[in-house]
Number of protein chains: 2
Amino acid sequence: MNLELTPETIKVACSNCNLRELCMPVGLDFVDMQKLDEVVATRRHVKQGDLLFRDGEEFKSLFAIRTGFFKTSVATPDGLEQVTGFQMAGEIIGLDGIVTDKHSCNAIALEDADVCVMPFSNVEQLSREFPVLQRHVHKVMSREIVRENSMMMMIGNMRSEERLAVFLLNLVQRLHARGFSQAEIILRMSREDIASYLGMKLETVSRAFTRLSDEGVIEVKQRYVGILNHKALKKIVNPNACD
Amino acid sequence: MNLELTPETIKVACSNCNLRELCMPVGLDFVDMQKLDEVVATRRHVKQGDLLFRDGEEFKSLFAIRTGFFKTSVATPDGLEQVTGFQMAGEIIGLDGIVTDKHSCNAIALEDADVCVMPFSNVEQLSREFPVLQRHVHKVMSREIVRENSMMMMIGNMRSEERLAVFLLNLVQRLHARGFSQAEIILRMSREDIASYLGMKLETVSRAFTRLSDEGVIEVKQRYVGILNHKALKKIVNPNACD
DNA sequence: AACATCATTTGATATAAATCAAGGCAATTT
DNA sequence: AAATTGCCTTGATTTATATCAAATGATGTT
């Protein structure tokens, strides 16, 4: 007999997922929500260090992260890794693949993860039937465009300490939106990953951590980061801010 | 009587626009193409130096550039301008506004321009009826995401000369796709704009120009840039490339 | 033509971050 | 418990780019 439900084949319903406010459009009635359950085909488990998809791989699905933490990266011309983003529960990953039907980056699990596999044809099909889903998909993509705009601004203009401050503020904000502490972070990525993402070297990241720590703004112990003075952290990014 | 057609109100048809291969999905029959004419509401003329839209302004429409050249920019925390992109004929501008229903950047015409105004509600409406248009919209957004990924990679990892090489290669490639020379560019933007876009200072851009010029790779005279050695320019970006 | 304005180039110097190198800390293995 | 390994921190030095400053060149104006 075969009663085993392998993680690869579990069928899930968005309608009773506690993350649906993050992945799915809001303001749907229960009936519509049940129809939207069709977007998700299966779930997939990804072990820490494993790839969800890789650069060049055929694009078929978007993935909604249920649990776990990912980084996406591209290869530089000289073969190094450039981290392009970090993604957590409730976020959508794989949008890069739409334009060429091939993924253009690698998605690596920084901790054991579960993702909802959403075949893009399902997404497009249901988008045509549900304007609210269509709008949602557009917003998710637009949000990513705006995020990258501000990343460019940051890497192009800010000093190392400022970049790290922005990075930490963004992380706590996203974690807080998921019910975690506003004052504590357990980093899932290495100093090297952070450095790559912020366009600096790992030693510079380390020094920026110690400087923020010396200033009493944060408390660092390996991958634990305590935000001691949220306001001061914001001031580092924007000294003129009044709030 | 009122026979004047102001530039603000000219109605245009994609079906006989010579740029449609760039803005519109390919492989449409004439009947479908005529229906798609409805996406474009009006045309709008933007004078050099004027804004097509500004940060914070309500988002209602995407814009397809018919003629002219734009830059988009955001403000840094200290009030400086960070250029986030340059757009030319056939490209779509305004995607940043979808996520919050407000534009999150400024779009400034670097030369007199004509744009097709595409109310986003029309785009969404017709996307539901024409899967090929829907797919096209998704691809346009995904392309922008991928472009910004590679910009991050570039700003984070490359030296000034390499960044300028990438920038010039990208420009000629896009201009060539529009029927212009593969070997000559008339820059529409200032050194300062280029510097901001590439995450450097205008003096550094200037020095990078002279260095590439001294190496005999390009020829620079103000805003005219001649590509003397396309291969060498590529080699600067990726010394190991075999083509 | 002389003048003013703006954009660009060039030079000298300062500086933030990269690089090179060593040491420390924590977790895992033997 | 000692040893290995991976990750992070710290220190010394170099380097690419930023900054400051001036000169040059193009464009438009009176």
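Lettering of chains follows the sequences in order, A, B, ..., and the numbering in each one begins at 1. Keep in mind that what you see is a predicted model, and the values were worked out from it rather than measured.
Listed by residue number, Arg159(B), Ser160(B) are the residues of residues 153-172 of chain B with a heavy-atom contact under 4.0 Å to DNA chain D. DNA chain C lies under 4.0 Å from at least one heavy atom of each of the following residues of residues 184-193 of chain B: Ser190(B), Arg191(B). Of the residues in residues 67-82 of chain A, not one comes within less than 4.0 Å of DNA chain D through any heavy atom.
We find that CG of Leu198(B) is positioned 14 Å from C1' of dT17(D), with the value rounded to whole Å.
Between Lys71(A) and Val83(A), the shortest heavy-atom distance links the atoms CD-CG2, 4.2 Å. Summarising the geometry of Val217(A) relative to Ala232(A), their closest heavy-atom pair is CG2-CB, 4.0 Å, with the distance given to 0.1 Å.
The pair Asp112(A)-Lys47(A) does not count as a salt bridge, with every side-chain nitrogen at least 4.0 angstrom from each carboxylate oxygen. A salt bridge does not link Glu144(A) with Lys139(A): none of the charged nitrogens is closer than 4.0 Å to a carboxylate oxygen.
Between Leu202(A) and Lys221(A), the residue whose closest nucleotide on DNA chain C is further toward the 5' end is Leu202(A).
The aromatic rings of Phe59(A) and His103(A) stand perpendicular to each other, their planes meeting at an angle above 60°, with 30° marking the opposite boundary.
In this structure, the side chains of Arg43(B) and Val115(B) stay at 4.5 Å or more apart for every pair of heavy atoms.
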Handout entry: Stepwise salt bridge (charged side-chain N to carboxylate O under 4.0 Å, His left out) test for Arg174(B) and Glu91(B)
Key = CA-CA 10 Å; Arg174(B) 282 153 72 199; Glu91(B) 296 179 334; 3.0 Å; yes

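The ring-ring contact (aromatic ring centres under 6.0 Å, His included) search around Phe209(B) returns none, not counting sequence neighbours. For Glu219(A), the side-chain contact (heavy atoms from CB on, under 4.5 Å) partners at least two apart in sequence or on another chain are Tyr224(A), Leu228(A).
Residues Thr204(A) and Ser160(A) have side chains that never bring a donor and an acceptor to within less than 3.5 angstrom of each other. With no hydrogens or angles considered, a side-chain donor-acceptor pair links Gln87(A) and Thr72(A) at under 3.5 Å.
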Pick out the pairs of N or O atoms, protein on one side and nucleotides 19-21 of chain C on the other, that lie under 3.5 Å.
| from | atom 1 | to | atom 2 | distance (Å) |
| --- | --- | --- | --- | --- |
| dT19(C) | O4 | Arg207(A) | NH2 | 2.8 |
| dC20(C) | N4 | Glu203(A) | OE2 | 3.2 |

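For Phe86(B) and Phe70(B), the gap between ring centers reaches or exceeds 6.0 Å.
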